[in-house]
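Following: one structure in structure tokens, then a few remarks.
A note on names: the letters A, B, ... follow the listed sequences, proteins ahead of strands, and every chain is numbered from 1.
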Number of protein chains: 2
Amino acid sequence: MTQSNRRAGRAATLTDVARIAGVSIATASKAINGRDEVAPSTRKRVIDAAEQLSFTPNALARSLTEGRSGTVGLLTSDLEGRFVLPVLMGAEDAFGAGAINVFLCDARGDSIREQHHLKALLNRRVDGIIVVGRSTDPRPSLGQDLPVPVVYAYAPSDDPRDASLVPDNRAGGRLAVEHLISCGRRRIAHISGDPTFAAARDREIGVREGMADADLELVGDVLFSNWSEHWGRDATALLLNQHPDVDGIVCGSDQIARGVIETLRDLGRSVPEDVAVVSHDNWETLATNSRPELSSVDANLQQLGRAAATRIFEAIDGVEAPGGVEHLPVRLVIRGSTIARR
Amino acid sequence: MTQSNRRAGRAATLTDVARIAGVSIATASKAINGRDEVAPSTRKRVIDAAEQLSFTPNALARSLTEGRSGTVGLLTSDLEGRFVLPVLMGAEDAFGAGAINVFLCDARGDSIREQHHLKALLNRRVDGIIVVGRSTDPRPSLGQDLPVPVVYAYAPSDDPRDASLVPDNRAGGRLAVEHLISCGRRRIAHISGDPTFAAARDREIGVREGMADADLELVGDVLFSNWSEHWGRDATALLLNQHPDVDGIVCGSDQIARGVIETLRDLGRSVPEDVAVVSHDNWETLATNSRPELSSVDANLQQLGRAAATRIFEAIDGVEAPGGVEHLPVRLVIRGSTIARR
DNA sequence: CTGTTAGCGCTTTCAC
DNA sequence: GTGAAAGCGCTAACAG
């Protein structure tokens, strides 16, 4: 690139290139886009001219004629949320590999703002929209009358006609408890987070199923409150007081698990020898800096984002989206809190 | 919105609106864009027609004629990084308030991919670009010959002609240590992270300046290794062994601080009574779940993002960007690790 | 006030 | 193979 493309304040156009190459703009277009109805020698002249002018094809103009913009909107309700980011990354990644660019819009949990962003995206003629919610609780649908395909990721739409992708928290709960059982634990308790979250309830269901399948029952009631480390500490104290013989704990989140582990240690229980602990989220920073490191269920969020992107891709290509909520597989990452290092 | 805008698979155009309203397309355009050279009654007819067709102005076409796209590119090298997100949010927020939309591009630390994304952004005729780096170490410039303004946020450009915005880590170090001193601490140590990071070195400089100003000297050498909780633990053990009389510790990050606090407690020191601890980053989840909660220096990242957006705004409006690295103020958030609750 | 007429930069028939 | 011409949807003069 030289300063040539700043000359006169505007970028070189196909017309400029055509003129320099001594061909028509139609030919220039074909040459640059690699159509084969162009003589090799001509193509070279055009390419050279384009290079010389550091020509940048105007995607806006191209989109106008082609009817597709090659962009999609990522509509999130809460960028801050720790779960949104991986989904975003996955989607951005999947699209970035192709020729699609992503508009990022954060509604900050405000539906007015969301509506505003939606309109802007539609104005910009995005080819599709991915809505990334902040929790796995259903969120209001954007509606059925949108001119572009929409996929809901992480938070499903409350309208079953929409296509939604969410992590399978129930399977996650089951995975967690089955792991404890396979580690020989029998007196298992469940300390979870905020029960108003679908994630908490779904995981509980999975945990109970896993226990039932092994003909076991949870030690005490499931302890619900919030997703904090503090609660993990308090709940553990409570639990050990009532059920000192507990030998396994499924935690609702890594944060809770951190509190749980710390308190177990404070109260003289060693992890995982006396009590094995498994949690959810697999938040690396928390999980790997814990002592011992946390075994945790990973929701494969990045993959979920990629899946959402794939759905949009397909929908753009005319494949009708199935609709309904699809639960994507999660995976267990085993670390020292359930199996001692040797 | 009805299904009318899906009819024939394409959205209504200004021409459609004009026809229904019984006016020319020029008049329709003026009416919709709120120009005042239109009779109120005419305007109403047009607006009604637009509504009826659920007309969405095609931003692509508009951009094409206007010469500005109303978009900016957010080029990050590492979405995963905990520091780029707040910057992103701030920028998105600042733009979102206006009529500008943001293209998100994650190069994943790969310069080839970055070049690729840059080209795509230029093709899409973004009006400006914000480059968000993953650390405060200088990064390669995108070059001077770009047709749009560029601002570097968090990671400065290595070319002084570029405009860069970074948090003032040196001031942060000073802030941290001055706080400890004002809490009556005199035997202060510094446990930091990876010394290859500019952030670590800048903060150290600030810490030393603050100490020197108070005619004090750091207890022992600054301990460098990495930014982990594990290192915080190890370093603390080391420190207490060599300097059991330490009464204040500046930590390079909240993660380190978590390890430090835990080990202090394990070794029988109470925080903040025996040893006051202050750290950097103010990562809420870590800082507020710690026991006691962490006093920490916040880099005001979101504000930094907003500032970057403002710069781009100005540059788009023709205000020449100053160039050079600007250090943005940081702030200290005081919690229980330096001042005991009463 | 309203309509006509040029484009914006590019792709795409469809002749030559 | 190549080029002329007709748009894509909209805005901006400039006439009426």
Side-chain angles (χ1 to χ4, degrees), chain A residues 5 8-47 49-50 53-71 99 122-127 147, chain B residues 5 8-47 49-50 53-71 99 122-127 147:
Chain A
N5 62 350
R10 45 169 271 281
T13 80
L14 235 205
T15 312
D16 299 334
V17 175
R19 184 162 13 83
I20 300 249
V23 298
S24 78
I25 124 175
T27 304
S29 171
K30 289 169 196 156
I32 287 195
N33 293 318
R35 314 306 216 84
D36 43 343
E37 327 121 88
V38 173
S41 65
T42 313
R43 160 159 300 130
K44 183 169 180 350
R45 283 219 314 290
V46 174
I47 304 270
L53 295 173
S54 59
F55 166 71
T56 347
N58 187 325
L60 296 169
R62 192 190 301 230
S63 304
L64 227 206
T65 34
E66 290 194 335
R68 330 187 306 98
S69 65
T71 60
L122 259 20
N123 285 183
R124 297 212 182 274
R125 294 297 188 269
V126 293
D127 297 330
Chain B
N5 61 352
R10 44 169 272 283
T13 80
L14 235 204
T15 311
D16 299 334
V17 175
R19 184 162 13 83
I20 301 248
V23 299
S24 79
I25 127 173
T27 305
S29 171
K30 288 170 196 156
I32 287 195
N33 292 319
R35 313 306 217 83
D36 43 344
E37 326 121 89
V38 174
S41 64
T42 312
R43 159 159 301 132
K44 182 167 179 350
R45 282 219 314 291
V46 174
I47 304 272
L53 295 174
S54 59
F55 166 72
T56 347
N58 187 325
L60 296 169
R62 192 191 302 234
S63 304
L64 189 55
T65 37
E66 288 194 337
R68 330 187 305 98
S69 65
T71 61
L122 260 19
N123 285 181
R124 297 211 182 274
R125 295 297 189 267
V126 293
D127 297 330

Just N and O in the side chain of [X]: are any of them under 4.0 Å from OP1 or OP2 of [N]?
| X | N | result |
| --- | --- | --- |
| B:Asn33 | D:dT11 | yes |
| A:Arg35 | C:dT11 | no |
| B:Thr65 | D:dC10 | no |

Length of the line joining [X]:[atom1] and [N]:[atom2], which is rounded to integer Å:
| X | N | atom1 | atom2 | answer |
| --- | --- | --- | --- | --- |
| B:Glu66 | C:dA6 | CD | P | 22 Å |
| B:Phe55 | D:dG9 | CZ | C1' | 8 Å |
| A:Glu37 | C:dT11 | CD | C1' | 11 Å |
| A:Leu14 | C:dT11 | CG | P | 6 Å |
| B:Arg19 | D:dG9 | CZ | P | 12 Å |
| A:Asn58 | C:dG9 | CG | C1' | 6 Å |
| A:Lys44 | D:dG1 | NZ | P | 18 Å |
| A:Asn123 | D:dG9 | CG | P | 14 Å |

When you measure from the side chain of [X] to the backbone N and O of [Y], does any donor-acceptor pair fall under 3.5 Å?
| X | Y | value |
| --- | --- | --- |
| B:Asn58 | B:Leu60 | yes |
| A:Arg124 | B:Ala59 | no |
| A:Arg43 | A:Arg35 | yes |

Quick one: which of [options] gets closest to the side chain of [X]?
| X | options | answer |
| --- | --- | --- |
| A:Thr42 | D:dG1, C:dG3, C:dC10 | D:dG1 |
| A:Ser24 | D:dG3, D:dC10, D:dG1 | D:dG3 |
| B:Ala26 | C:dG9, D:dC10, D:dA13 | D:dA13 |

Under 4.0 Å, counting only non-hydrogen atoms across every strand here, what does A:Thr13 touch: a base, just sugar-phosphate, or nothing? sugar-phosphate

With sugar-phosphate meaning primed atoms plus P, OP1 and OP2, does B:Ile25 contact a base, only sugar-phosphate, or nothing at under 4.0 Å between heavy atoms? base

Measuring only between side-chain heavy atoms, which start at C-beta, is A:Leu64 closer than 4.5 Å to A:Arg125? no

After noting the C-alpha distance and the side-chain angles of B:Arg68 and B:Glu66, does the key distance pass the salt bridge (Lys or Arg N to Asp or Glu O under 4.0 Å) rule? CA-CA 5 Å; B:Arg68 330 187 305 98; B:Glu66 288 194 337; 5.4 Å; no

With nearest nucleotides of DNA chain C determined for B:Arg125 and B:Gly22 from heavy-atom distances, which residue corresponds to the more 5′ nucleotide? B:Gly22

Closest-nucleotide mapping onto DNA chain C: is A:Lys30 or B:Leu64 further toward the 5' terminus? I mean the 5' end. B:Leu64

